[in-house]
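Scroll down for the structure; my scribbles are underneath it.
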Protein chains: 2
Amino acid sequence: MTRKPKAVERKRGSGVQIVYSILRDDILDLTLPPGSPIDEIQLSERLSMSRTPIREALVRLASEGLVTTLPNRSTVVSNIDFMNLHTFFDAMTLMYRVTTRLAAQCHTPADMDAIRARQVDFAAAVEAQDALAMIATNREFHAVIARAGRNPYYEALCLRLLDEGRRLLRMYYSSFDDQLPKQYVQEHEDLIDAITARDVDRADALASAHADQIVQQIQTLIARDKRQHISL
Amino acid sequence: MTRKPKAVERKRGSGVQIVYSILRDDILDLTLPPGSPIDEIQLSERLSMSRTPIREALVRLASEGLVTTLPNRSTVVSNIDFMNLHTFFDAMTLMYRVTTRLAAQCHTPADMDAIRARQVDFAAAVEAQDALAMIATNREFHAVIARAGRNPYYEALCLRLLDEGRRLLRMYYSSFDDQLPKQYVQEHEDLIDAITARDVDRADALASAHADQIVQQIQTLIARDKRQHISL
DNA sequence: TGTATTTTATTTGTCGACAGAAAATATTTC
DNA sequence: GAAATATTTTCTGTCGACAAATAAAATACA
């Protein structure tokens, strides 16, 4: 006998936030891979709430580009556009540079504390050879730098790109589980030094090089993946 | 006797789009000035539809930053943050540069046709000394350049900034109705030339100078506005 | 008369239900 | 047996209604 889930007492307005967070996480770590249909009714039963807050969460995700709503048909998790990855790399590199520059210009001691804390997490993830944790902590590291830059427009685009990158990296690290490059830890340390010294040009150059490294890393992974597909 | 508006037959799914467009336009041309509360019931009566599609439109506007939802209270049109206008100018300048560069790199003949068509509209608006039309056509001009750049991340940020700028300019031109600067028309022409010639560096330099001009223009208007306020 | 407290009213957040649109399935026709 | 058509099913988009939360009004009290 399937029993209906009880309507748990919840704070008014929290429902949307819960659904949004769950879906977002599932999409970004590929628990919901690109193309997955999202059934509103199924979700509403699983989370024991009406379809209204779920639809609201979906609308928010859609306006962030994480899901695509097909009119009168199910909404699906957005695809990763491999044809135009270069636009992603281009934007990512520029945003790394711009946010790091700004952070070097106008950081506060509290910002530096936050940045260093994220770097500790990142180093730990690399040390533990935990690819998933590395992806997540790298995102947080650059997110706090972007926040320290104090430009909401740049920050928003940077966060969006970091999330998109999280999905992308997750795709390859889950299938290959590579040796995680320890040099990234040193590159982050150098970035922190440049920001601390308020050396804008050096911060810019380091961010640029760091972005190039990551781009190259991803492209290597993609190339290897393609070869593997051909060999089948 | 107040009669209830008839539920007009409408295509399924079009309701949200209608509300979204109306609200968006009203917000951007300051028909709904910053801080205006948006009453869902009132809107639903005026447009003769249920609150559901209206709420969906509001969620979309909120995720674009055009409205702010106060929990359990009315949603209001977002304020213009005059304290941090420099972040807007900074981002606007960079996006002008980046999108113009990319347009110079990878435009097609169709792109150039679209750009030139927008420039004709812009020139006409300036010639007619129609401030509102100038604001709108200027937005479209840079929007098609951004589209020609073919980077969806840059394009999205650029559109957001152009809309924000539309609101800002509208605020001052509505109160002062200035002489509209004819030099902008020539600057646009120069931009088109550089893009057509695929001269990336020149396009970049021109876009940078153009952005600086506009920033200076806005700052002049703001300064004049402040003086006027003090003199009262 | 001014402040604190209770009552009322307004408005949001959530719900269940229904109708319309595709997709999936069954049925007919050749 | 295959293609075309009809039927059913599934799921979205929209609706009206209700309850919680806040703001406004009214009342009590000093």
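We name chains A, B, ... by the order of the sequence lines, and we start the count at 1 in each one. FYI, side chains are in, hydrogens and waters are out, and symmetry mates aren't considered; it's all heavy atoms of this structure.
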Apply the test side chain to side chain contact (heavy atoms under 4.5 Å, CB included) to residues Gln219(B) and Phe89(B): give CA-CA distance (whole Å), side-chain angles for both, the deciding distance (0.1 Å), then the verdict. CA-CA 10 Å; Gln219(B) 283 178 329; Phe89(B) 293 142; 3.8 Å; yes
Worked check of side chain to side chain contact (heavy atoms under 4.5 Å, CB included) between Tyr20(A) and Leu58(A): CA-CA 7 Å; Tyr20(A) 175 79; Leu58(A) 287 178; over 6 Å; no
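Between Phe82(A) and Tyr172(A), the ring planes lie perpendicular to each other; the angle is over 60°, past the 30° to 60° tilted range. Using a 30° and 60° split on the angle between ring planes, His142(A) and Tyr96(A) fall in the parallel class, below 30°.
As a whole-Å value, the separation of Leu47(B) CG from dG13(D) P is 19 Å. Atom pair Leu70(A):CG and dT10(D):C1' shows a separation of 15 Å (rounding to whole Å applied).
Taking the side chain as every heavy atom from C-beta outward, Ile41(A) and Arg51(A) approach each other to under 4.5 Å. For the pair Val77(B)/Leu23(B), no side-chain contact is recorded, criterion being any heavy-atom separation below 4.5 Å from C-beta on.
Using a distance-only test at 3.5 Å, with no hydrogens or angles considered, no donor-acceptor pair links the side chain of Thr100(A) to the main chain of Ala207(A). Asn84(A) contributes no side-chain N or O that, together with a main-chain N or O of Thr87(A), makes up a donor-acceptor pair within less than 3.5 Å.
Residues Arg24(B) and Asp163(B) are paired through a salt bridge, judged by an N-O separation under 4.0 Å between the basic side chain and the carboxylate. Taking a cutoff of 4.0 Å between a charged side-chain nitrogen and a carboxylate oxygen, Glu64(B) and Arg160(B) do not qualify as a salt bridge.
Checked by atom type, the side-chain pair Thr69(B)/Thr75(B) shows no donor-acceptor distance below 3.5 Å.
Looking at residues 49-60 of chain A, you'll see Met49(A), Ser50(A), Arg51(A), Thr52(A), Pro53(A) sit with a heavy atom under 4.0 Å from some atom of DNA chain C. Of the residues in residues 32-43 of chain B, not one places a heavy atom less than 4.0 Å from an atom of DNA chain D.
Residues meeting the side-chain hydrogen bond (donor to acceptor under 3.5 Å, both in side chains) test with Asp121(B), sequence neighbours left out: Arg118(B). Listed by chain and residue number, Asp111(B) satisfy the side-chain hydrogen bond (donor to acceptor under 3.5 Å, both in side chains) test with Arg150(B) (two or more places apart in sequence, or in another chain).
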Polar pairs (N or O, both sides) under 3.5 Å between protein and nucleotides 6-9 of chain D?
none

What N/O pairs connect the protein and nucleotides 20-25 of chain D at under 3.5 Å? Give each pair on its own line.
residue : atom : partner  : partner atom : Å
dA20(D) : N3   : Arg12(A) : NH2          : 3.4
dA21(D) : O3'  : Asn72(B) : ND2          : 3.3
dT22(D) : O3'  : Arg73(B) : NE           : 3.2
dA23(D) : OP1  : Arg73(B) : NE           : 3.0
dA23(D) : OP1  : Arg73(B) : NH1          : 3.0

